[in-house]
Protein chains: 2
Amino acid sequence: MSATIKDVAREAGVSVATVSRVLNGNCNVSEDSASRVNDAIKKLHYSPNFLGRNLRKCETNVILCIMPTSEHSLYSKIVTGMQRYASKLGYDIITAFSDNTATAEARQMNMLFNRTVDGVVLLGTMYDADSLNKLAQNYDIALCCEGVPGADVLTVAVDDESGAFDAVTALIEKGHRDIAFLGTKSEAISSTARENGYKKALEKAGIPFREELVYRDSYEYNCGTDAMNYFAGLEKRPSAVFAVSDLLAIAVIHRAYELGIEVGKDISVMGFDNITMCEMMLPTVSTVEQPCFKMGELVIEKLIENIHSAKKDNNYYTVDHKVIMRQSTGD
Amino acid sequence: MSATIKDVAREAGVSVATVSRVLNGNCNVSEDSASRVNDAIKKLHYSPNFLGRNLRKCETNVILCIMPTSEHSLYSKIVTGMQRYASKLGYDIITAFSDNTATAEARQMNMLFNRTVDGVVLLGTMYDADSLNKLAQNYDIALCCEGVPGADVLTVAVDDESGAFDAVTALIEKGHRDIAFLGTKSEAISSTARENGYKKALEKAGIPFREELVYRDSYEYNCGTDAMNYFAGLEKRPSAVFAVSDLLAIAVIHRAYELGIEVGKDISVMGFDNITMCEMMLPTVSTVEQPCFKMGELVIEKLIENIHSAKKDNNYYTVDHKVIMRQSTGD
DNA sequence: GTGAAAGCGCTAACAC
DNA sequence: GTGTTAGCGCTTTCAC
């Protein structure tokens with residue numbers, strides 16, 4: 001259907017090898033040949049077929065990013081960072097959404113196995129450490145945002161424990177002592193790490209940890225609603241809530257208002273991530289910022305290095321977080 | 001590096017053709033051969049190289065979706081719908097973000113030209129009608145969400161004019177007569193169409209159109225802020241604002257509160273899209289719902305039909321919208 | 001500076 | 001039911 005390298009060669013009166021050389025910027029071509037080839041390319045509207053090229057070169061210059069959901073601006077920003085860096089190196093990023101299901105994730109990983117892509121970045125995964133380690137032996141993969149304990153796989157993430165520690169410390173410094181924690185039921189390592197940070201901040205301030213101030217479920221929005229219902233029903237209502245995600249924090253804020261509890265005054269709420277919505281909300285939401293662009297750039301930089309290198313970098317890279325105080329903590 | 005079909009054939013003691021037959025579910029293979037092949041596949045951890053397959057078959061079963069931004073849950077939902085339908089037919093969806101720039105979009109379109117993908121869905125585009133028509137002659141492309149006037153290209157979108165008409169009529173039925181319009185400077189056809197719907201709704205109710213109640217800029221969040229500043233400064237402040245997107249509506253709401261104007265009471269605000277945030281906001285946001293999943297499914301259904309068909313369907317398909325009243329209009 | 005030709009991994013027509 | 005083989009479009013070695 002469309003023109004091939006042969007057509008161009010015939011049109012230009014040269015061999016396919018010469019066309020290929022022009023295409024790939026090889027300098028060993030006479031000016032005359034080159035211009036004839038370029039004319040032919042234009043005339044035939046030729047565009048090289050990458051399937052042929054990639055098959056021959058055993059590479060695609062495409063990296064797949066698998067993310068749990070399409071609707072999380074945290075992930076969107078990370079992908080933007082990935083894209084920005086990748087394009088500098090001639091790579092493209094494509095994305096797929098796993099909906100947090102192992103089957104979808106496995107299906108999408110086929111693109112790696114069948115050589116449709118050169119590498120994969122997982123923004124959260126259902127694979128366990130063993131599986132990841134095995135995969136990493138034969139393929140180039142990386143984790144971003146959410147690490148897996150025991151996985152010796154290239155990882156880029158914030159220091160969740162330290163981020164949570166700083167957030168809770170900021171609440172303590174504002175005079176709070178009854179600080180609730182809203183996390184998940186241990187399925188996400190980030191939540192567990194943030195819970196540890198919460199506990200350490202309390203400990204350092206000499207505030208005893210109280211199990212009744214902890215609510216664990218999942219990252220779903222409605223869990224924030226349930227959590228606020230629970231906190232509001234406690235004998236002594238907490239004066240502050242630290243949630244492991246902005247979405248949960250927003251749900252808490254929303255529910256608090258419905259219950260007639262004024263956020264930023266009667267109760268302070270702090271999230272994690274610094275998604276775009278934090279500044280749009282009323283009140284604006286205090287949070288711990290993850291440097292999404294930087295994370296995306298870094299993970300791609302390291303992954304592409306791995307793709308081109310025999311010995312794999314399987315380090316765990318930590319990027320800096322930042323506590324941001326807004327109206328939801330009375331600022 | 002990884003095993004090829006030849007390795008499997010050798011291991012199983014059959015020819016590559018037989019392996020290929022097993023791989024493709026061709027029934028003309030003896031049970032004995034098939035099981036030997038399957039054993040070999042498992043033993044060698046073989047996964048077919050799709051570059052070879054695709055090159056041979058002149059197809060990739062991958063569709064590219066180019067969207068203006070990664071951070072819009074409207075697009076995210078449409079992609080989810082696309083993905084859902086595509087996977088049923090053995091297709092994968094990959095995404096790329098153009099940031100509303102012609103250069104990025106053109107760069108990404110190369111994946112279509114170089115045969116990395118079988119088709120493209122554009123969620124908004126910088127191409128003009130002529131270019132699109134030319135492209136559509138040689139490639140399978142579709143528009144979704146945002147049509148281009150004069151483009152005879154497969155398109156799926158809501159009826160923007162009618163959606164806006166219904167939204168503004170709903171405001172009128174709640175007693176509003178001073179209804180402002182917040183749109184864009186004609187770069188997006190959807191905004192222009194929605195402005196027409198706004199005007200027609202006023203006309204039908206016998207309310208004269210007043211240019212000073214119209215503010216046009218872009219889809220950016222801060223334009224909503226500017227718009228609210230403008231509306232608040234009018235001699236007679238409008239009692240309602242209809243914005244062409246939820247994001248703009250949310251910006252208006254946010255700014256109104258900062259100005260001490262109570263939304264849902266002093267002023268009603270209505271958006272368009274029904275993004276997830278509408279239900280999370282305080283107050284919740286009234287809007288016109290676009291059936292994102294359905295749009296995604298439909299555009300993929302039709303595009304894949306086109307891919308497999310000689311004569312192209314270049315219809316403009318309209319999907320149903322729905323007005324949803326929430327707290328921002330006092331409901 | 002240029003061309004001939006092998007071969008990347010796969011599918012499918014053809015022969016048996 | 002199975003094997004042989006051509007060839008998809010491209011890059012790259014090797015000769016000249």
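Letters go in sequence order (proteins before strands), and every chain restarts at 1.
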Between [N] atom [atom2] and [X] atom [atom1], what is the distance in whole Å?
X	N	atom1	atom2	value
A:Asn26	D:dT13	CG	C1'	13 Å
B:Asn28	D:dG3	CG	C1'	14 Å
A:Lys57	C:dG9	NZ	C1'	18 Å
A:Tyr46	D:dC10	OH	P	3 Å
B:Leu51	C:dT11	CG	C1'	15 Å
A:Glu59	C:dG9	CD	C1'	16 Å
B:Lys6	D:dT5	NZ	P	13 Å
B:Leu55	C:dA12	CG	C1'	14 Å

Review point. If you look at every strand shown and take non-hydrogen atoms under 4.0 Å, does A:Ser30 touch a base, only sugar-phosphate, or nothing?
Key: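 Sugar-phosphate: the residue A:Ser30, judged by heavy atoms under 4.0 Å, touches backbone atoms but no base.
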Please determine whether a side-chain nitrogen or oxygen atom of [X] lies at a distance below 4.0 Å from atom OP1 or OP2 of [N].
X	N	answer
A:Asn24	D:dT11	yes
B:Arg53	C:dT11	yes
A:Ser33	C:dT2	yes
A:Thr4	D:dG9	no

**Study point:** No-H, no-angle donor-acceptor pair, A:Arg21 side chain to C:dG3 base, under 3.5 Å
**Key:**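 Check passes, donor-acceptor contact within cut-off.
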With the side chain of [X] defined as its heavy atoms from C-beta on, choose the nearest nucleotide among [options].
X	options	value
A:Asn49	D:dT11, D:dG9, C:dT11	D:dG9
B:Ala17	C:dA4, C:dA13, D:dC10	C:dA13
B:Arg56	C:dT2, D:dA6, C:dA4	D:dA6
A:Thr18	C:dT2, D:dG3, C:dT11	C:dT2

Practice item. Check whether any side-chain heavy atom of B:Arg53 sits under 4.5 Å from a side-chain heavy atom of A:Asn114, and report yes or no. Key: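 No, every pair of side-chain atoms sits at 4.5 Å or beyond.
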Check your understanding: Hey, does B:Tyr139 have a side-chain heavy atom less than 4.5 Å from the side chain of B:Phe113?
Key ->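 The answer is yes, as the side chains (C-beta and beyond) meet within the 4.5 Å cut-off.
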Point to revise | Neighbour count above 12 (heavy atom, 6.0 Å) for A:His308 NE2 | key: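 Result for NE2/A:His308: enclosed.
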Review point. More than 12 heavy atoms of other residues, nucleotides or ligands under 6.0 Å from CD of B:Glu305: is that the case?
Key: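 Yes, enclosed.
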Practice item. Note down the inter-axis angle between the two ends of the helix from C:dG1-D:dC16 to C:dC16-D:dG1, five pairs each, to the nearest 10°. Key: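 Result, rounded to 10 degrees: 40°.
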Point to revise | Upstream residue (5' side of DNA chain D) when B:Gly52 and B:Val14 are each assigned their closest nucleotide | key: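 In this pair, the answer is B:Val14.
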Check your understanding: Using 4.0 Å as the upper bound for N to carboxylate O, is an ion pair formed by A:Asp39 and A:Lys42?
Key ->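 Judged by the 4.0 Å cut-off on N to carboxylate O distance, A:Lys42 and A:Asp39 do not form a salt bridge.
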Review point. Do B:Asp130 and B:Lys134 sit within salt-bridge range, that is, some charged N less than 4.0 Å from a carboxylate O?
Key: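 Here B:Asp130 does not pair with B:Lys134 in a salt bridge, since their nearest N and O are not under 4.0 Å apart.
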Check your understanding: Toward the 5' end of DNA chain C, which comes first, A:Val16 or A:Cys27, by nearest nucleotide?
Key ->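 That would be A:Cys27.
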Exercise for review: Please answer whether the main-chain N or O of B:Phe97 pairs with a side-chain N or O of B:Gln108 as donor and acceptor at a distance below 3.5 Å.
Suggested key: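 Yes, the answer is positive, given that a donor and an acceptor are paired below the 3.5 Å cut-off.
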Exercise for review: Provide the closest heavy-atom pair for B:Glu297 versus B:Gly81 in the form atom of the first, atom of the second, distance.
Suggested key: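 Shortest heavy-atom contact: CG-O, 3.3 Å.
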